[in-house]
J.: 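Sharing a structure below in structure tokens format, with a few things to ask.
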Amino acid sequence: DFVCNKGKFINEDGNAISADGAGIKGTVFLSNDFKARGEVRFPGVAIGRDFSCTNGEFVNEGGDAIFADGMAVKGAVFLRDGFKAEGQVSLIGATVGENFFWHNVKLTEKTTLDLRNAKVGVLCDDEKSWPADGNLFLDGFVYENIGDESPKNAKSRIEWIQKQYDPNKKAPQFRPQPYEQLATVLQKSGHENDARQVLITKNEDRIKWGPKLSTSEFVWYRIFGPVIGYGYKPLKA
């Protein structure tokens, strides 16, 4: 195991912990009042069991509070129960064999979660822990299921996906994959109506957050598409 429970690591202008490319057969514990000022780095690390930051505090304003791109965890990742990140939690391309917990998080204005191209077994989160608009990145994020205590209805989950969008940015931000991934998981779990609503909203959000529509796209997205629920509610015609 790699155990830093109750530890304090301070290097505000650099790395608080650097474990780049390490191989850890057991569990990583950065928990129980653990505090870091500076970047905590675990990129490319292979972990045989869990990665636990329960009740840990990670501060690196303007940068990565936790940088774990490409990390491979055979067990679960615990970012919950008082977990605080003032900065970005970057898990781009990470793989988690079991549950990914983002639950009961102490949010700040700087809390950012980047899950682009990450893959986890079960997503376990709660609405109160979702970052602010523009501070969540989901393009390419793949999960097999959603935890029993996490929201599964279309309304809540659509709001979660829309956290990707920064209302202050003028550039197109629309990405279809998060909607399609969510719809697939909801359909597999028996929430077929919610899955259809997610796919309908995908088309609606394409208008709002995507690039300018071409002439042919305008005809579909503005005229014919809404009439039949973009193909998901044909009887509306």
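On a predicted model such as this, the values are computed, not experimentally measured, just so you know. Heavy-atom basis, side chains included; hydrogens, waters and symmetry copies ignored.
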J.: Do the side-chain N and O atoms of Asn203 and Arg206 include a donor-acceptor pair separated by under 3.5 angstrom?
T.: no
J.: If I compare all heavy atoms of Ile17 with all of Cys4, which pair ends up nearest, and what's the gap?
T.: CD1-SG, 4.4 Å
J.: For the side chain of Ser129 and the backbone of Asn104, is there at least one donor-acceptor N/O pair under 3.5 Å apart?
T.: yes
J.: In terms of side-chain geometry, is the basic nitrogen of Glu159 or Lys163 positioned less than 4.0 Å from the acidic oxygen of its partner?
T.: no
J.: Relative to each other, are the rings of Trp160 and Trp130 parallel, tilted or perpendicular (30° and 60° limits)?
T.: tilted
J.: Could you go through the side chain to side chain contact (heavy atoms under 4.5 Å, CB included) check for Ile24 and Asp1 one step at a time?
T.: CA-CA 7 Å; Ile24 300 166; Asp1 296 331; 5.8 Å; no
J.: Please answer whether the main-chain N or O of Gly93 pairs with a side-chain N or O of Asn117 as donor and acceptor at a distance below 3.5 Å.
T.: no
J.: Considering all heavy atoms of both residues, which atom of Pro178 and which atom of Arg175 are nearest to each other, and what is their separation?
T.: CD-O, 3.3 Å
J.: Can you confirm if the aromatic rings of Phe34 and Phe58 lie within a centre distance of less than 6.0 Å?
T.: yes
J.: Is any NZ, NE, NH1 or NH2 atom of the basic residue among Arg37 and Glu57 found under 4.0 Å from an Asp or Glu carboxylate oxygen of the other?
T.: yes
J.: Over all heavy atoms of both residues, which pair between Asp114 and Phe137 is shortest? Give the atoms and the distance, please.
T.: OD1-CB, 3.4 Å
J.: Is any side-chain heavy atom of Asn55 closer than 4.5 Å to one of Asp33?
T.: yes
J.: How about Arg157 and Pro151: do any of their side-chain heavy atoms sit closer than 4.5 Å?
T.: yes
J.: Would you check if the side chain of Asn99 reaches a backbone N or O of Ala76 as a donor-acceptor pair within less than 3.5 Å?
T.: no
J.: Is a donor on one side and an acceptor on the other found under 3.5 Å between the side chain of Asp139 and the backbone of Arg116?
T.: no
J.: Could you check whether any side-chain heavy atom of Thr201 comes within less than 4.5 Å of a side-chain heavy atom of Gln162, counting everything from C-beta outward?
T.: yes
J.: How many angstroms lie between CG in Leu115 and CZ in Phe141, if you round to the nearest 0.5 Å?
T.: 5.0 Å
J.: Is there a path of hydrophobic side-chain contacts, each under 4.5 Å between heavy atoms of I/L/V/M/F/W/Y residues, joining Phe78 to Val73?
T.: no
J.: Is there a path of hydrophobic side-chain contacts, each under 4.5 Å between heavy atoms, that joins Val28 and Phe101?
T.: no
J.: Val142 and Leu182: same hydrophobic cluster, using ILVMFWY side-chain contacts below 4.5 Å?
T.: no
J.: If we ignore angles and hydrogens, is there a donor and acceptor under 3.5 Å between the side chains of Asp166 and Gln173?
T.: no
J.: May I ask you to test the Gln197-Asn193 pair for a side-chain heavy-atom distance under 4.5 Å?
T.: no
J.: Do any N or O atoms from the side chain of Gln181 and from the backbone of Gly140 form a donor-acceptor pair under 3.5 angstrom?
T.: no
J.: Is it the case that atom NZ in Lys119 sees more than 12 heavy atoms from other parts of the structure closer than 6.0 Å?
T.: no
J.: Taking it one step at a time, do Asn135 and Leu113 satisfy side chain to side chain contact (heavy atoms under 4.5 Å, CB included)?
T.: CA-CA 6 Å; Asn135 286 358; Leu113 178 60; over 6 Å; no
J.: Looking at Asp126 and Lys128, is any side-chain nitrogen of the basic one under 4.0 Å from a carboxylate oxygen of the acidic one?
T.: no
J.: Show the nearest heavy-atom pair for residues Leu79 and Cys53, with the distance to one decimal.
T.: CD2-CB, 3.7 Å
J.: Which distance, rounded to the nearest 0.5 Å, do you find between the CD1 of Ile47 and the NZ of Lys25?
T.: 14.5 Å
J.: Tell me which pairs pass side-chain hydrogen bond (donor to acceptor under 3.5 Å, both in side chains) where either residue lies in residues 74-93, with sequence neighbours left out.
T.: Asp64-Gln88, Asp69-Ser90
J.: Could you give the distance from CD1 (Ile66) to CZ (Phe42), rounded to the nearest 0.5 Å?
T.: 8.5 Å
J.: Please report the closest heavy-atom contact between Gln177 and Leu138, naming both atoms and the distance.
T.: OE1-O, 3.4 Å
J.: Take Phe51 and Leu30 through the test side chain to side chain contact (heavy atoms under 4.5 Å, CB included) and record every step on the way to the result.
T.: CA-CA 8 Å; Phe51 182 78; Leu30 310 176; 4.2 Å; yes
J.: Below 4.5 Å, heavy atoms only, C-beta onward: do Phe100 and Leu91 meet side chain to side chain?
T.: yes
J.: Please step through side chain to side chain contact (heavy atoms under 4.5 Å, CB included) for the pair Ser31 and Asn5, ending with a clear verdict.
T.: CA-CA 5 Å; Ser31 310; Asn5 287 339; 3.3 Å; yes
J.: Main chain of Glu180, side chain of Lys202: is a donor-acceptor contact present, judged purely on distance under 3.5 Å?
T.: no
J.: Under the 3.5 angstrom rule, does the side chain of Gln164 hit a backbone N or O of Ile161 as a donor-acceptor pair?
T.: yes
J.: Using the rule that Ile, Leu, Val, Met, Phe, Trp and Tyr join whenever any side-chain heavy atoms are under 4.5 Å apart, tell me whether Leu136 and Trp209 fall into a single cluster.
T.: yes
J.: So, do Phe83 and Trp102 sit near enough that their side-chain heavy atoms are less than 4.5 Å apart?
T.: yes
J.: Taking side chain as C-beta onward, heavy atoms only, is Ser189 less than 4.5 Å from Ile146?
T.: no
J.: Output the distance between atom CZ (Phe67) and atom CD1 (Ile92), rounded to the nearest 0.5 Å.
T.: 7.0 Å
J.: Look up atom OG1 in Thr95 and atom CE in Met71, then write down how far apart they are to the nearest 0.5 Å.
T.: 8.5 Å
J.: State yes or no: do Ile207 and Tyr232 share one hydrophobic cluster built from I, L, V, M, F, W and Y residues joined by side-chain heavy-atom distances below 4.5 Å, directly or via other members?
T.: yes
J.: Tell me every residue that passes side-chain contact (heavy atoms from CB on, under 4.5 Å) with Asp20, counting only those two or more places apart in sequence or in another chain.
T.: Ser18, Arg41, Pro43
J.: Report yes if some heavy atom in the side chain of Thr112 is under 4.5 Å from a heavy atom in the side chain of Pro131; otherwise report no.
T.: no
J.: What's the spacing between Arg49 CZ and Thr27 OG1 if we round to 0.5 Å?
T.: 4.5 Å
